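Notes to accompany the following structure.
These values consider heavy atoms only, across backbone and side chains, with no hydrogens, waters or symmetry-generated copies. Predicted, not measured: the structure shown is a model, and the values here were computed from it. Both counts, for ligands and for their atoms, begin at 1 and track the order of listing.
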Amino acid sequence: MKILAIETSCDETAVAILEAKGDDQHAEFTIKGDALLSQIEIHREYGGVFPHLAKREHAKNLVPLLTAAFEEAEMLHENAQVISDEVRNQVERILEREPGLTEAFLDFVSESDRPDFDVIAVTSGPGLEPALWVGVNFARALSLVWDKPIVGINHMEGHILAGIARREDRTITIGDVKLPVLALLISGGHTELELMDPWLSYTLVGQTRDDAVGEAFDKVARMLGLPYPGGPEISRLAEDARMINEENPYALPRPMIDSETGDFSFAGLKTAVLYLLKNHPEVSEAEKKHIAQEFEDAAAEVLWKKTSDAIQSTGAQTVVIGGGVSANAHIRREFEKHIKEKHPEVALRIPVPSLTTDNAIMIGLAGFYRALRHEFSDPATLRADGNLSVANRP
Ligand code: KG4
Ligand code: ZN
């Protein structure tokens with residue numbers, strides 16, 4: 001199966017082409033084309049992702065990225081195509097809310113043969129709705145002119161599969177996964193534990209009651225005067241502090257660490273940093289490093305404790321971490337250490353760095369399994385849903 005995958009849920013525009021073979025038990029994917037453009041530099045000026053700016057950038061970048069991905073896959077053959085007035089009108093209607101995209105799209109499809117692939121996988125949620133819509137409408141227009149089916153993909157399922165996957169260069173394998181799988185999803189918009197059992201069927205175990213952990217990283221970074229996105233910046237400072245290894249004078253709370261529920265809370269941790277800085281406005285570089293370290297320790301401890309409790313209550317055989325925050329070196333190390341010590345029978349899977357933050361490859365992985373199940377979306381009614389949940393998929 002050849003899959004065209006499209007991701008526009010936040011501030012990365014990404015297109016990938018995968019060739020997949022196998023089944024639920026064991027699948028192998030070859031990355032044929034992979035094109036990604038990060039908008040981080042643009043959003044950095046605003047200190048966060050600005051949805052309408054993200055939307056405009058996605059609209060601008062989708063056709064060039066699609067072209068690049070198909071060219072890399074050697075699947076693009078120039079050949080003038082006649083686009084009927086009727087199809088042209090339909091495309092205009094589908095893309096009417098995506099300024100600038102219609103013309104580039106029509107130019108592109110009128111210059112090349114229809115590439116040989118089987119299905120379009122597009123992120124339909126969760127994420128920033130204006131951003132999601134660009135990808136969804138782009139996929140709908142492609143589906144119309146190339147007559148290909150679409151599967152709408154849950155971005156969080158993409159992160160889960162990216163965590164489970166093993167990648168070697170351009171080959172990805174997913175297999176031998178022991179169920180139940182407990183997935184800890186940690187990103188800028190999510191902090192949740194999902195139990196996967198059977199394969200690709202989810203139940204929510206717990207979630208944040210306020211801020212997502214990535215959001216807390218970003219906000220604390222901002223308080224410390226660090227640029228967006230804050231996660232990598234905090235991590236850099238905290239790693240410095242760990243190298244120097246002096247006693248850390250700061251103590252931050254571990255919200256809800258001993259609560260009975262699987263739920264999380266990060267707002268109190270963030271506010272504790274706010275008050276600490278209010279009482280102590282002139283922080284030195286060394287103090288910043290200690291605050292970053294203590295914040296990271298607190299976040300990692302809570303994430304681990306909740307995950308460990310959930311392993312016990314669910315009998316999970318595999319733990320997977322997914323989402324942008326799973327790039328965090330300290331969290332990775334802590335999970336590796338604690339799993340070995342406390343749950344040696346449980347397999348831990350963490351995404352390779354190239355699949356940790358948002359990308360289209362993970363959307364293609366999910367697209368394969370959803371297409372295998374014939375879960376095709378009607379292009380006429382497929383919608384972007386900013387709050388789409390991964391649990392209880394019909
Ligand atoms: O999954 P992702 O790329 O986008 C969303 O779907 O949200 O996650 C982005 C989040 C941001 O909050 C960013 O600060 C955080 O992941 N992040 C990190 C690290 N790298 C990215 N947080 C902690 N440590 C990191 N190394
Ligand atoms: Zn993400």
Ring geometry between F264 and F266 (parallel below 30°, tilted from 30 to 60°, perpendicular above 60°):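 F266 vs F264 ring planes: parallel.
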
Parallel, tilted or perpendicular, judged at 30° and 60°: which one describes the rings of H374 and F376?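 The rings of H374 and F376 stand perpendicular, inter-plane angle above 60°.
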
Looking at the Zn ion (ligand 2), is one of the N, O or S atoms of H190 less than 2.8 Å from it?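 False for H190.
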
Per-atom contacts, ligand 1 versus [X] - under 4.0 Å to a heavy atom:
| X | result |
| --- | --- |
| T357 | 3 (O) |
| G214 | 12 (O) |
| H159 | 1 (O) |
| P229 | 14 (O) |
| A327 | 20 (N), 26 (N) |
| G189 | 7 (O) |

How far is [atom] from its nearest protein heavy atom, and which residue and atom is that?
| atom | value |
| --- | --- |
| atom 2 (P) of ligand 1 | D358 OD1, 3.4 Å |
| atom 15 (C) of ligand 1 | V325 CG2, 3.9 Å |
| atom 9 (C) of ligand 1 | G188 N, 3.9 Å |

Just wondering, are more than 12 heavy atoms of other shown residues or ligands nearer than 6.0 Å to CZ in R167?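 Atom CZ in R167 is packed in, count exceeds 12.
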
Could you check whether atom CZ of R97 has more than 12 heavy atoms from other residues, nucleotides or ligands sitting under 6.0 Å from it?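 Incorrect, the count does not exceed 12.
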
Answer with yes or no after comparing the ring centroid distance for W146 and F70 against a 6.0 Å cut-off, counting only values under it.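 Between W146 and F70, the centre distance is under 6.0 Å.
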
How about F217 and F295: are their ring centres within less than 6.0 Å of each other?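 Yes.
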
Counting heavy atoms only, which of [options] is nearest [atom]?
| atom | options | result |
| --- | --- | --- |
| atom 18 (C) of ligand 1 | G231, A216, G230 | G231 |
| atom 24 (N) of ligand 1 | L128, V49, N328, L185 | N328 |
| atom 20 (N) of ligand 1 | A329, S38, G324 | G324 |

Given side chain to side chain donor-acceptor pair (under 3.5 Å), test N359 with E12 step by step and report yes or no. CA-CA 7 Å; N359 63 85; E12 257 91 35; over 6 Å; no

Return a yes/no value for [X]: is any of its N or O atoms, backbone included, closer than 3.5 angstrom to an N or O of ligand 1?
| X | answer |
| --- | --- |
| D218 | yes |
| C10 | no |
| E215 | no |

Which atom pair, heavy atoms only, marks the closest approach of M1 to A371?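 The pair with the smallest heavy-atom distance is SD-CB, 3.8 Å.
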
Restricting to N, O or S atoms, which atom of H159 is closest to the Zn ion (ligand 2)?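 When I compare the N, O and S atoms of H159, NE2 is nearest to the Zn ion (ligand 2).
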
Name of the D358 N, O or S atom nearest the Zn ion (ligand 2)?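 It is OD1, the N, O or S atom of D358 closest to the Zn ion (ligand 2).
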
Side-chain donor-acceptor pair present, T173, H26, cut-off under 3.5 Å: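 The criterion, which ignores hydrogens and geometry beyond distance, is not satisfied for H26 and T173.
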
Regarding Y202 and E157, is there a side-chain donor-to-acceptor distance under 3.5 Å anywhere?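 Yes - a donor-acceptor pair under 3.5 Å links their side chains.
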
About how many Å separate CD of E334 and OG1 of T307, when rounded to the nearest 0.5 Å?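 So the gap between those two atoms works out to 12.0 Å.
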
Report yes or no: does a heavy atom of H155 sit under 4.0 Å from some atom of ligand 1?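 Flag set, H155 near ligand 1.
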
Please test H155 against T123 for side chain to side chain donor-acceptor pair (under 3.5 Å), starting from the C-alpha separation and ending with a verdict. CA-CA 6 Å; H155 180 84; T123 306; 4.5 Å; no

